[in-house]
Amino acid sequence: MSSISNLQKARAAYQPKLPKALLGPVKAIEGEKTESVGNRDEIKSLFPNTYGMPVVDFVSGSASDCPQTRFNVGVILSGGQAPGGHNVISGLFDGIKSLDNDNKLYGFLMGPGGLVDHKYIELTPEIIDTYRNTGGFDIIGSGRTKLEETDQFEKGIVILRELGIKALVIIGGDDSNTNACVLAEYYAAKKYGVQVIGCPKTIDGDLKNGQIEASFGFDTACKTYSELIGNIERDCNSARKYWHFIKVMGRSASHIALECALQTQPNICLISEEVEAKAQSLDDIVGYIAEAVAARAAKGDNFGTVIIPEGLIEFIPAIKKLIAELNDILAGEEAKTVSRDKQLDYVKNNLSAEGKAVFESLPEGVARQLALDRDPHGNVQVSLIETEKLLSEMVGKKLAAMKAEGRFVGKFSAQHHFFGYEGRCAAPSNFDADYCYSLGFNASRLMSCGKTGYMSVIRNTTAPAEEWLAGGVPITMMMNLEKRAGKFKPVIRKALVELDGAPFKYFEAHRDRWAEETCYLYPGSIQYWGPSEVCDQTTKTLQLEQGK
Ligand code: FBP
């Protein structure tokens with residue numbers, strides 16, 4: 001029996017498309033000096049060597065335009081998995097080999113930690129060919145080690161020198177690209193002769209701005225979740241007896257929830273950014289869902305679907321304030337000496353009266369999660385909070401009270417789902433396969449032009465791939481200062497759902513009808529072969545944002 005599936009075999013033969021400008025030698029057209037999105041003076045003083053660099057656009061050029069061709073390269077996959085990571089690496093590999101066949105690509109194992117601990121493999125043509133157009137990050141593995149200490153950078157340079165690596169590509173989200181920028185600045189300041197280039201990854205879709213249209217993996221992950229949500233909707237509309245509470249990933253921003261709603265037209269979709277803007281409480285949200293359930297029940301429809309963004313809890317203003325207070329408490333020196341079994345009490349005793357009241361109003365499991373666990377970047381691990389169960393329980397209680405008042409006449413029975421890990425390693429859609437390959441290939445051209453502290457960017461992505469635009473954006477341009485683990489740090493600003501943006505506006509204009517009627521859309525599974533409108537469409541978010 002073959003060790004790879006028939007789909008893998010067929011997809012291995014797929015040659016991802018590249019933008020026209022990357023098909024031959026490139027010339028870099030440089031724009032004006034850039035500024036950071038916020039805290040300009042502070043960011044400038046933290047990044048004296050990499051601040052203010054121009055945006056770069058590639059056009060077709062001649063071999064002499066970007067003269068560096070001979071370099072070994074290192075690559076790191078950082079943070080959560082996202083479909084298409086293997087194609088970034090294969091694009092990078094093909095890109096450096098097209099410059100000089102002697103160039104070598106080394107993959108650092110299990111994330112940034114591999115650089116520090118000198119764990120790596122050489123990525124040979126045979127290895128690369130096994131992973132072309134596949135999902136997952138298993139080619140070298142990923143990890144969440146935060147690269148921020150001088151000691152780590154110095155350990156890194158030892159192995160980079162040993163392997164003759166002149167450029168390092170960090171494939172990651174906002175936190176990892178922030179680290180890429182800090183590393184680029186450090187190596188530039190020390191004149192170590194190592195360039196650092198970032199690539200925008202995250203299924204969450206929150207690494208985007210005026211220059212980055214989408215982070216890779218968002219397209220495939222949303223299509224995968226939407227297929228599942230569509231299947232649930234069809235089941236729900238067949239049996240007509242359950243309300244499905246479906247939480248979808250997206251640590252902070254609600255881009256995934258919104259995109260899935262646009263693709264599947266559920267009865268309800270909560271958008272965290274709106275909850276925050278309207279200063280809604282948990283009770284307000286529960287009331288909103290319960291009213292919708294009651295209205296459908298009045299028509300005999302005791303079923304429905306609710307999409308909940310993973311990060312919801314952090315956007316409820318009172319809880320957001322509580323988390324900020326908890327972060328400060330947990331970042332204190334004393335907190336680090338408290339044993340884990342005493343941590344909950346320690347935290348409770350150090351909260352303000354207001355914080356304590358909110359803390360004690362939460363179900364124990366949620367309170368515990370907020371108080372205890374942080375990832376290495378200081379984030380609450382929201383994927384571990386069962387918001388879908390919390391909400392359905394509270395809605396059930398509310399409906400019972402409404403029944404007693406004669407305001408609810410139906411039945412309410414809930415099912416729960418959490419879609420996150422199901423979509424992060426799916427085989428990349430045609431869009432992500434092409435987009436990721438282009439991002440990786442483009443990174444090789446940024447190196448060839450001597451750039452460091454840049455993010456590889458591909459734009460005009462709702463057009464056919466040949467018309468995509470390639471180039472680079474200085475990472476400092478996306479930075480501002482934010483409080484992390486109790487201190488202000490330079491970070492890439494996260495892109496939240498814009499309430500005046502076209503995707504939200506479309507959703508807002510339709511959601512009342514979707515709540516009342518049954519307007520489900522069944523997008524089905526990702527297709528690779530067939531009509532272009534089925535196989536090559538980008539996300540609805542991107543299409544609406546670009547007025548398509
Ligand atoms: P990145 O931002 O690193 O891409 O990770 C995104 C994400 O998938 C979030 O949606 C989710 O909250 C988190 O990772 C889960 O983290 P973990 O994989 O460590 O459980």
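Every number for a ligand or one of its atoms is a count from 1 in the order of the listing. Position 1 is the first residue of the sequence, and the numbers go up from there.
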With the criterion set at N/O pairs under 3.5 Å, what does the list of contacts between the protein and ligand 1 look like, atom names and distances included?
{"from": "ligand 1", "atom 1": "2 (O)", "to": "Thr202", "atom 2": "OG1", "distance (Å)": "3.3"}
{"from": "ligand 1", "atom 1": "3 (O)", "to": "Gly80", "atom 2": "N", "distance (Å)": "2.8"}
{"from": "ligand 1", "atom 1": "3 (O)", "to": "Arg144", "atom 2": "NH1", "distance (Å)": "2.9"}
{"from": "ligand 1", "atom 1": "3 (O)", "to": "Lys201", "atom 2": "NZ", "distance (Å)": "3.3"}
{"from": "ligand 1", "atom 1": "4 (O)", "to": "Lys201", "atom 2": "NZ", "distance (Å)": "3.0"}
{"from": "ligand 1", "atom 1": "4 (O)", "to": "Thr202", "atom 2": "OG1", "distance (Å)": "3.0"}
{"from": "ligand 1", "atom 1": "5 (O)", "to": "Arg144", "atom 2": "NH2", "distance (Å)": "3.2"}
{"from": "ligand 1", "atom 1": "8 (O)", "to": "Arg424", "atom 2": "NH1", "distance (Å)": "2.9"}
{"from": "ligand 1", "atom 1": "10 (O)", "to": "Asp204", "atom 2": "OD1", "distance (Å)": "2.6"}
{"from": "ligand 1", "atom 1": "10 (O)", "to": "Asp204", "atom 2": "OD2", "distance (Å)": "3.4"}
{"from": "ligand 1", "atom 1": "10 (O)", "to": "Gly250", "atom 2": "N", "distance (Å)": "3.3"}
{"from": "ligand 1", "atom 1": "12 (O)", "to": "Glu310", "atom 2": "OE1", "distance (Å)": "2.8"}
{"from": "ligand 1", "atom 1": "12 (O)", "to": "Glu310", "atom 2": "OE2", "distance (Å)": "3.4"}
{"from": "ligand 1", "atom 1": "14 (O)", "to": "Arg144", "atom 2": "NH2", "distance (Å)": "2.9"}
{"from": "ligand 1", "atom 1": "14 (O)", "to": "Arg424", "atom 2": "NH1", "distance (Å)": "3.2"}
{"from": "ligand 1", "atom 1": "16 (O)", "to": "Arg144", "atom 2": "NH2", "distance (Å)": "3.0"}
{"from": "ligand 1", "atom 1": "18 (O)", "to": "Arg424", "atom 2": "NH1", "distance (Å)": "2.9"}
{"from": "ligand 1", "atom 1": "18 (O)", "to": "Arg424", "atom 2": "NH2", "distance (Å)": "2.9"}
{"from": "ligand 1", "atom 1": "19 (O)", "to": "Arg144", "atom 2": "NE", "distance (Å)": "3.1"}
{"from": "ligand 1", "atom 1": "20 (O)", "to": "Tyr421", "atom 2": "OH", "distance (Å)": "2.5"}

Fill in the blank from the handout: For Leu469, the side chain to side chain contact (heavy atoms under 4.5 Å, CB included) test, sequence neighbours excluded, returns Arg459, Asn460
Problem - Ring centres under 6.0 angstrom apart (Trp468, Phe431) - result: yes
Exercise for the section: Quick one: pull up OG in Ser252 and CD in Glu310 and give me the separation to the nearest 0.5 Å. Expected result: 9.0 Å
Handout entry: Partner set under side chain to side chain contact (heavy atoms under 4.5 Å, CB included) for Gln8, not counting sequence neighbours
Key = Ile4, Ser5, Thr134
Fill in the blank from the handout: By salt bridge (charged side-chain N to carboxylate O under 4.0 Å, His left out), Asp94 pairs with (sequence neighbours left out) Arg132
Handout entry: salt_bridge(Lys483, Asp328) N-O dist < 4.0 Å
Key = yes
